[in-house]
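Below, chain A is the first sequence line, B the second, and so on; all start at residue 1.
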Amino acid sequence: MSSLVVDNVTVSRGAGPVIANVSLTVTPGEVTALVGPNGAGKTSLLDGISGVVGVSGGRIVLDGDPIEKLSRVARVKRGLLHIEQGRAVFPSLTVRENLSLTARTGADMDAAIGRFPELEKRINSPAALLSGGEQQMVVLARAFAAKPRFLLIDEMSLGLAPVVFMRLLPYVEELAQSGAGVLLVEQFTHLALGIAREALVVAGGKVGYHGPASALRDDSELLHRAYLGGSAA
Amino acid sequence: MLQGALAGLAAGGLYAALAVCLTLMSRLVRVVNFSQAATGMFGAFVAVWLVTAAGLPIWLGSVLGILLAGALSAAIGWIAATWLSEASTTARSAMTVGPLLLLISLSFILFGNKPQPFSPILGGPAFEFGGVVVSQVTVVMVLLAVVVAVAVQLILTKTAVGTQLRALSERPTTAELLGIPSKPLSIAVWAATGVISAIAIVIVAPSQSNDATSLAMLIVPASAAALLGGFTRPGLAVVGGLALGVLSGLVAQIEEVALIRNFLPFLFIVVLLLWTQRKEVWDSAR
Ligand SMILES: Nc1ncnc2c1ncn2[C@@H]1O[C@H](COP(=O)(O)OP(=O)(O)O)[C@@H](O)[C@H]1O
Ligand SMILES: [Mg+2]
């Protein structure tokens with residue numbers, strides 16, 4: 001079966017490792033949540049998986065093939081899509097142009113726009129003029145059009161009101177239901193755990209919890225300990 | 001007066017074409033390419049050699065020289081994309097001083113330091129205007145500059161590759177994470193600007209001072225012209241190039257000021273910088 005396996009991966013930045021010895025498996029059709037305090041190394045781990053930075057140890061295996069030495073573009077070609085933290089839109093490009101970067105056919109484009117009625121009205125505006133929530137819709141629509149097999153999402157909610165983010169979350173579920181394996185990094189822990197099956201909590205560059213998301217959801221004491229765990233473990 | 005202005009127009013077209021190349025490079029591959037004119041110069045010199053020493057027909061020698069300039073530029077681009085892809089614009093730009101000096105000395109070694117025996121590809125008058133003869137070179141150069149600027153604009157705004165290039169220039173990492181092949185695309189931009197520069201120089205060089213240094217230093221007026229468009233707008237770069245050419249043509253005619261001709265690009269740059277900074281100066285003065 002198809003899978004994305006992160007095997008004992010360490011990512012270093014400047015001074016030294018910022019996240020070390022992480023192992024996890026992303027399964028198609030499911031959301032895996034990756035949560036933890038600021039500075040825990042979540043973004044660094046996603047950067048290592050997609051090739052924004054090199055990994056300093058461990059392996060990343062996609063469908064049985066190691067990909068940690070491949071270029072960013074080669075990893076995309078194998079079906080990996082990374083949605084970066086912040087607003088990953090091209091500000092001066094129109095909404096349509098932003099989508100055209102991943103939509104190969106007119107039908108893909110129409111299908112992507114069709115999911116987001118709000119965007120349809122703004123289709124020819126530069127992305128810079130959209131609200132934060134609308135910009136994230138552009139990013140999600142682009143992800144739908146890309147038809148990724150594995151999707152890394154880094155804090156879509158950053159700078160958004162919770163109500164706005166709650167409207168985006170069902171799209172993430174939909175992407176998973178369409179068959180993509182999603183690794184979801186999120187500050188709104190409970191919202192992420194709500195749609196995830198597996199979950200990891202990282203703190204201080206280490207994995208403090210790795211198991212079913214439901215266990216964390218139901219036991220706030222466990223979640224709390226895992227959040228602090230990185231330093232104690 | 002008219003005669004002087006029209007005489008400067010061919011050079012103006014050359015500045016304009018080079019300025020469009022500089023604009024493209026700065027906007028799409030984050031580099032102020034100091035070797036822009038030198039690459040074209042070297043291609044043009046090789047073209048001359050192929051025609052005079054190797055006996056090729058003018059058209060074939062020119063085509064080969066132009067292609068060589070494209071390949072040279074692509075090679076410099078490969079270096080920038082391979083080793084300096086994450087470097088600052090300043091570092092990437094500084095790197096291009098290397099090929100600038102290298103190409104000047106290489107052409108001294110290979111071809112000597114004399115102006116080259118260019119055989120004109122285009123010759124003769126195109127038409128008369130107000131009693132002044134306008135040469136074919138002038139007409140073709142002005143057209144070339146305009147056509148290149150318009151084509152660039154169309155490619156950037158109307159084609160899929162253009163959209164990818166603009167995406168890359170705005171957020172290179174994000175673009176790569178969507179599968180846009182940044183390295184081949186940026187090398188293609190280098191190659192294209194190398195070819196355009198060489199075409200412009202091959203056309204104008206027979207009627208200009210055409211030793212290696214003069215041609216390589218066309219980068220100065222070209223930069224002044226590109227500055228008018230802020231290194232981002234090809235249309236204004238063309239206007240800047242043509243204006244600068246006409247101005248130097250005029251100045252060369254008036255004996256009292258003919259000497260400042262060589263300083264014109266510099267003056268142009270200073271005036272433009274003062275003009276664009278006027279608000280800041282005014283604000284901080286208060
Ligand atoms: N580009 C960088 N250079 C050096 N250190 C960095 C860089 N990016 C992040 N870091 C450091 O790495 C650690 C992990 O950061 P990050 O991966 O962004 O964590 P998170 O996404 O969990 O908030 C932090 O201590 C941060 O300061
Ligand atoms: Mg982060």
Checklist entry - Of the backbone (N, CA, C, O) and the side chain (C-beta and beyond), which part of Ala160(B) lies under 4.5 Å from a heavy atom of chain A, both, or neither? => result neither
Next on the checklist: Quick check on the interface: out of Val73(A), Val52(A), Leu80(A), who has the most heavy-atom pairs with chain B under 4.5 Å?
Outcome noted: Val73(A)
Next on the checklist: For Ser50(A) versus Leu177(B), what's the shortest heavy-atom pair and its separation?
Outcome noted: OG-CD2, 3.7 Å
Next on the checklist: Tell me whether Arg166(B) at atom CZ has more than 12 heavy atoms from other residues, nucleotides or ligands lying less than 6.0 Å away.
Outcome noted: yes
Next on the checklist: Distance check, rounded to the nearest 0.5 Å: Ile180(B) atom CD1 versus Arg72(A) atom CZ?
Outcome noted: 13.0 Å
Checklist entry - More than 12 heavy atoms of other residues, nucleotides or ligands under 6.0 Å from NZ of Lys121(A): is that the case? => result no
Item to check | For chain B, which residues of residues 87-103 of chain A have heavy atoms nearer than 4.5 angstrom | outcome: Arg87(A), Ala88(A), Val89(A), Phe90(A), Pro91(A), Ser92(A), Leu93(A), Glu97(A), Ser100(A), Leu101(A), Thr102(A)
Checklist outcome for this item: Bottom line for Val76(A): the part with an atom under 4.5 Å from chain B's heavy atoms is side chain
Checklist entry - Of the backbone (N, CA, C, O) and the side chain (C-beta and beyond), which part of Arg75(A) lies under 4.5 Å from a heavy atom of chain B, both, or neither? => result neither
